[in-house]
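In the text below, chain A, chain B and the rest are named by the order of the sequence lines, each starting its count at 1.
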There are 2 protein chains.
Amino acid sequence: MLTEERHQFIRDRLAAEGKVLAGELASRFGVSEDTVRRDLRELAKAGQLRRVYGGAVPSAPFAAATISQRSGHAVEEKMRLAKVAVGVLASGQTLFIDGGTTNEAIARAIPRDVELTVATNSIAVASALAGLPLVELIVLGGRYVRDLGTCVGGDTLAAVAQLGADLFFLGSCGLDASRGVTAFDSAEAEVKRAMARNSAGIVIAATTDKLATAAPYRVAAPDAIRHLVVEKTAPSTILADFERLGAEIHFA
Amino acid sequence: MLTEERHQFIRDRLAAEGKVLAGELASRFGVSEDTVRRDLRELAKAGQLRRVYGGAVPSAPFAAATISQRSGHAVEEKMRLAKVAVGVLASGQTLFIDGGTTNEAIARAIPRDVELTVATNSIAVASALAGLPLVELIVLGGRYVRDLGTCVGGDTLAAVAQLGADLFFLGSCGLDASRGVTAFDSAEAEVKRAMARNSAGIVIAATTDKLATAAPYRVAAPDAIRHLVVEKTAPSTILADFERLGAEIHFA
DNA sequence: GCATGTTCTGCATGTTTATGCAAGAAATAG
DNA sequence: CTATTTCTTGCATAAACATGCAGAACATGC
């Protein structure tokens, strides 16, 4: 286990969960707590985290905003969903990846040896993909919306219009077998629609609470979903509806 | 086994797995660890990887930051520069912020109570600003260049062309009183030029080692610099040149 | 063929770095 | 306030590292 690996793990973990515990890290790495503390000290010196009694928390307010939205349970679930979701990927494909914490988890779960072209309007997804050498990354700029963590607006739409993708990882939406995919915000919905239009297939990874919910703005028809990644706890009646409409169901 | 074969294998392995171990490579190649270390040294010198204790990891955009931060000195210097640099800001202004670790430090040093409109092509800067509620953030998308940590290309240029800013925080460049501001990459220089053209003033925060260096591509004339933030160790002769050309010098 | 110079490699050396342990200081919880 | 946990510091050890040197492999020129 390289020192650098531990540092990387700590960074990732902080971004994902908003905190790390010294003891927990020590047992996970198989090193003494002293070593972990040294790691934390170095990362703190580099400004990459802030040490607290018992462990460390992110230094940037960025991750702090996302922490509140995440309970410890949801993180594990999302990581499981993400691992399964990347299973639909194939090397050489072009992707749109939308915003949302689940999509961020998916981006982080993409293996290093897969060659992809990815266009995203999410800063968090872009950050995650910035570390993958084989991923050609296209950032879809525009007006950044803090609540969504993504860029929207005319510039974003124009950038999307120039691209075509094999798959579109659509996130943070309502999902309903009759109304299809829906979004809470008009501008957000516009961008998602553009991505959906320019993609050959839509992939949605959704925690159970997202199922059978609807929001005001329509993004895609229910039969546009090609892959649906869900937890085992998802109600089978809803899944049956989507399956009838042509979606392939993947259980995480 | 040719040296080049080993190098290629190391590159591939690094891309696929994100790390290599010196001992492991030695036994796989059937050579001594010394030879492997020599290989790693050469590849590191060529910028194709970053050596760490025990092996090597890919050279990432943050790797440069991490490695300079590791020394401890540079990061503190940059933070000092950043604190002074944000002093030229005024609430209500519109900014372009370029890439580079110094600009990232500046972005992180912006106080929470300043209202700004900021356009940036750097993912790291965007991440930093995502946490500031009073900052209207515009992400300049495009093709992401891993080595720079920024977006470049036609899309980026088009997005810049639509905007005008009061100040342009220009980063990661050569700086010379006769040749002006210069960049190492053609596409990078193009974006910087566009930002410079659409800004009322240029701000450069540079560590001493950046002064009196030049790169191939011209970005801006030496008299285009309005604010120059430097360390106290900066040679006064160079500063005098820039001051004569109209720059205001700020010491950190 | 032979000599020469270059490059690559492995070994021995001394140095640096990472790690764990122990003891005392500091922070937190009851 | 006291007990417990967590943290820092100094130190010892083993691993990883840089360096200098010598031999082997190789190409080049005579």
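Remark: A:E136 pairs with no residue by the side-chain hydrogen bond (donor to acceptor under 3.5 Å, both in side chains) rule, at least two apart or across chains. Applying the ring-ring contact (aromatic ring centres under 6.0 Å, His included) rule to B:H227 yields the partners B:H250; only residues at least two apart in sequence or on another chain are considered. With sequence neighbours excluded, no residue forms a side-chain hydrogen bond (donor to acceptor under 3.5 Å, both in side chains) with B:E243. Contacts of A:F9 classified as ring-ring contact (aromatic ring centres under 6.0 Å, His included), with partners at least two apart in sequence or in another chain: A:F29. Residues satisfying the side-chain contact (heavy atoms from CB on, under 4.5 Å) test with B:A240, not counting sequence neighbours, are none.
Summary of helix geometry: the two end axes of the helix from C:dG1-D:dC30 to C:dG30-D:dC1, each defined by five base pairs via their C1' atoms, are inclined to each other by 40° (rounded to 10°).
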For residues 183-190 of chain B, tabulate all N or O donor-acceptor pairs below 3.5 Å that involve a side-chain atom, not counting sequence neighbours.
{"unit_1": "B:D185", "atom_1": "OD2", "unit_2": "B:A187", "atom_2": "N", "d": "3.0"}
{"unit_1": "B:D185", "atom_1": "OD2", "unit_2": "B:E188", "atom_2": "N", "d": "2.9"}
{"unit_1": "B:E188", "atom_1": "OE1", "unit_2": "B:D185", "atom_2": "N", "d": "3.4"}

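Among residue pairs with one or both ends in residues 107-126 of chain A, none qualify as side-chain hydrogen bond (donor to acceptor under 3.5 Å, both in side chains); sequence neighbours excluded. Applying the side-chain hydrogen bond (donor to acceptor under 3.5 Å, both in side chains) rule to pairs touching residues 14-30 of chain B yields A:E5-B:K19, B:R13-B:E24, sequence neighbours excluded. Residue pairs meeting the side-chain hydrogen bond (donor to acceptor under 3.5 Å, both in side chains) criterion with at least one member in residues 232-242 of chain B, sequence neighbours excluded, are B:T208-B:T233, B:D241-B:R244.
DNA chain D lies under 4.0 Å from at least one heavy atom of each of the following residues of residues 15-48 of chain B: B:A22, B:D34, B:R37, B:R41.
Proximity of B:R6 to the phosphate of C:dT9: a side-chain N or O atom is located under 4.0 Å from OP1 or OP2. Here B:T3 reaches the OP1 or OP2 of C:dT9: one of its side-chain N or O atoms lies under 4.0 Å away.
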Contact list (N/O, under 3.5 angstrom) for nucleotides 25-28 of chain C vs protein:
{"unit_1": "C:dA27", "atom_1": "N3", "unit_2": "A:Y53", "atom_2": "OH", "d": "3.2"}

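B:T207 and B:K78 are not linked by any side-chain donor-acceptor pair at a separation below 3.5 angstrom, with hydrogens and angles left out of the test.
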